[in-house]
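Notes follow once the structure below has been shown.
For clarity, every value in this text was computed on a predicted model and none was experimentally measured. Both backbone and side-chain heavy atoms feed into the values below; hydrogens, waters and symmetry mates do not.
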Amino acid sequence: RQTAWATRLIRNAATDRKIRHIFVFLHHSPYASGVHGENEDIQVSGLVKTMAESGVDMTFAGHDHVYERGANEGLRYVVSGGCGAPLYPRRRVHNYTHWFESTAHYVRVNVDGDEVEVTALRPDGSIIDNFRYAKKFDGETDDRPRRKPRFVTLKDSHPRPLPPPMAAPPTLGIGAPQAERRMAVS
């Protein structure tokens with residue numbers, strides 16, 4: 001029943017011309033590299049496909065106590081669970097992950113017309129990740145049904161997938177702060 005309800009809301013938002021951006025907030029992300037991993041239930045339910053086909057800008061979730069950002073099957077995602085609980089290490093390597101860091105953080109989202117900028121910051125204000133994109137509705141007119149939007153990347157501080165993680169020492173595990181930090185190689 002929840003899937004049917006969410007599908008209906010997302011499809012209605014996608015056809016409403018007054019709505020420029022659609023962000024979906026979940027507890028457990030459909031895609032994740034941390035201890036809890038991917039949310040297979042939401043993938044199997046068809047909701048991920050609905051979100052991608054409906055032009056959802058991005059999903060935001062927690063569950064894993066990390067910062068992660070990526071895109072898979074036409075859907076962008078951010079996992080932001082790095083505050084108020086012990087941090088988790090990276091458990092799996094996925095080619096769709098653009099950035100992963102096990103650190104305390106918060107995420108700031110700025111929307112200006114068709115443009116969206118997302119910045120992940122540490123508590124001291126230093127930037128973990130930053131990207132900006134524009135959502136374009138090509139050929140949009142009032143007398144035609146809205147088409148699936150096109151996303152144009154304007155800025156990306158980490159445009160490539162991450163390399164495989166380095167093995168963490170065996171003494172570090174769930175709840176060990178800074179158990180693993182991954183940085184993209186230039």
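- With hydrogens and angles disregarded, a donor-acceptor distance shorter than 3.5 Å links the side chain of S54 to the backbone of T50.
- Contact annotation: the side chain of E101 approaches that of R122 to within less than 4.5 Å [non-hydrogen atoms, C-beta and beyond].
- Proximity of a side-chain donor or acceptor of T15 to a complementary backbone N or O of N12 within less than 3.5 Å is detected.
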Please assess F131 against H98 for the test ring pair (Phe, Tyr, Trp, His ring centres under 6.0 Å), listing each intermediate value before the final yes or no. CA-CA 11 Å; F131 62 99; H98 294 163; 8.4 Å; no

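- The backbone N or O of L47 lies less than 3.5 Å from a partner atom in the side chain of S45, making a donor-acceptor pair.
- Transitive grouping of hydrophobic side chains (ILVMFWY, heavy atoms separated by less than 4.5 Å) keeps L26 and L9 in distinct clusters.
- For the pair I127/H105, no side-chain contact is recorded, criterion being any heavy-atom separation below 4.5 Å from C-beta on.
- Using a 4.5 Å cut-off between side-chain heavy atoms of Ile, Leu, Val, Met, Phe, Trp and Tyr, with links allowed through other members, V78 and F25 fall into the same hydrophobic cluster.
- Side chains of I128 and W99 form a contact here, defined as non-hydrogen atoms less than 4.5 Å apart.
- With no hydrogens or angles considered, no side-chain donor-acceptor pair links N72 and Y77 at under 3.5 Å.
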Assess the residue pair V118 and N130 against the criterion (side-chain contact (heavy atoms from CB on, under 4.5 Å)); give the C-alpha distance rounded to whole Å, side-chain angles, the decisive distance to 0.1 Å, and a yes or no. CA-CA 6 Å; V118 179; N130 175 263; over 6 Å; no

From CA spacing to verdict: side-chain contact (heavy atoms from CB on, under 4.5 Å), V107, T119: CA-CA 6 Å; V107 175; T119 306; over 6 Å; no

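- No donor-acceptor distance shorter than 3.5 angstrom exists from the side chain of D129 to the backbone of A120, with no hydrogens or angles considered.
- L121 and V109 fall into different hydrophobic clusters, defined by Ile, Leu, Val, Met, Phe, Trp and Tyr side-chain heavy atoms under 4.5 Å apart, directly or through other members.
- The CZ atom of R69 lies 8.5 Å from the CE atom of M58; values are rounded to the nearest 0.5 Å.
- The cationic group of R76 lies under 6.0 Å from the six-membered ring centre of Y133 and within 45° of the ring axis, placing it in a cation-pi geometry.
- Distance alone, capped at 3.5 Å, is enough to place a donor-acceptor pair between the N39 side chain and the H28 backbone.
- A donor-acceptor pair is defined here as one N or O able to donate and one able to accept, closer than 3.5 Å; no such pair exists between the side chain of H21 and the backbone of V56.
- The existence of a salt bridge linking K135 and D114 is excluded, since no basic side-chain nitrogen approaches an acidic carboxylate oxygen closer than 4.0 Å.
- Hydrophobic clustering (ILVMFWY, side-chain heavy atoms < 4.5 Å, transitive): L154 and F151 are in distinct clusters.
- You'll find the side chain of D57 reaches within 4.5 Å of the side chain of V116, heavy atoms only.
- Both Y96 and V48 are part of a single hydrophobic cluster, where members link through side-chain heavy atoms under 4.5 Å apart.
- With a 4.5 Å cut-off on side-chain heavy atoms, E117 and R108 do not count as touching.
- Side-chain N/O atoms of Y31 and Q43 include no donor and acceptor closer than 3.5 Å.
- Checking H63 against S29 by side-chain atom types alone, no donor-acceptor pair falls below 3.5 Å.
- Two residues are said to be in side-chain contact when any heavy atoms from C-beta on lie closer than 4.5 Å; F100 and Y67 fail this criterion.
- With salt bridges taken as basic N to acidic carboxylate O contacts below 4.0 Å, one links R132 and E115.
- A salt bridge does not link D64 with R90: none of the charged nitrogens is closer than 4.0 Å to a carboxylate oxygen.
- At distances below 3.5 Å, not a single donor-acceptor pair connects side-chain atoms of T7 with backbone N or O atoms of A4.
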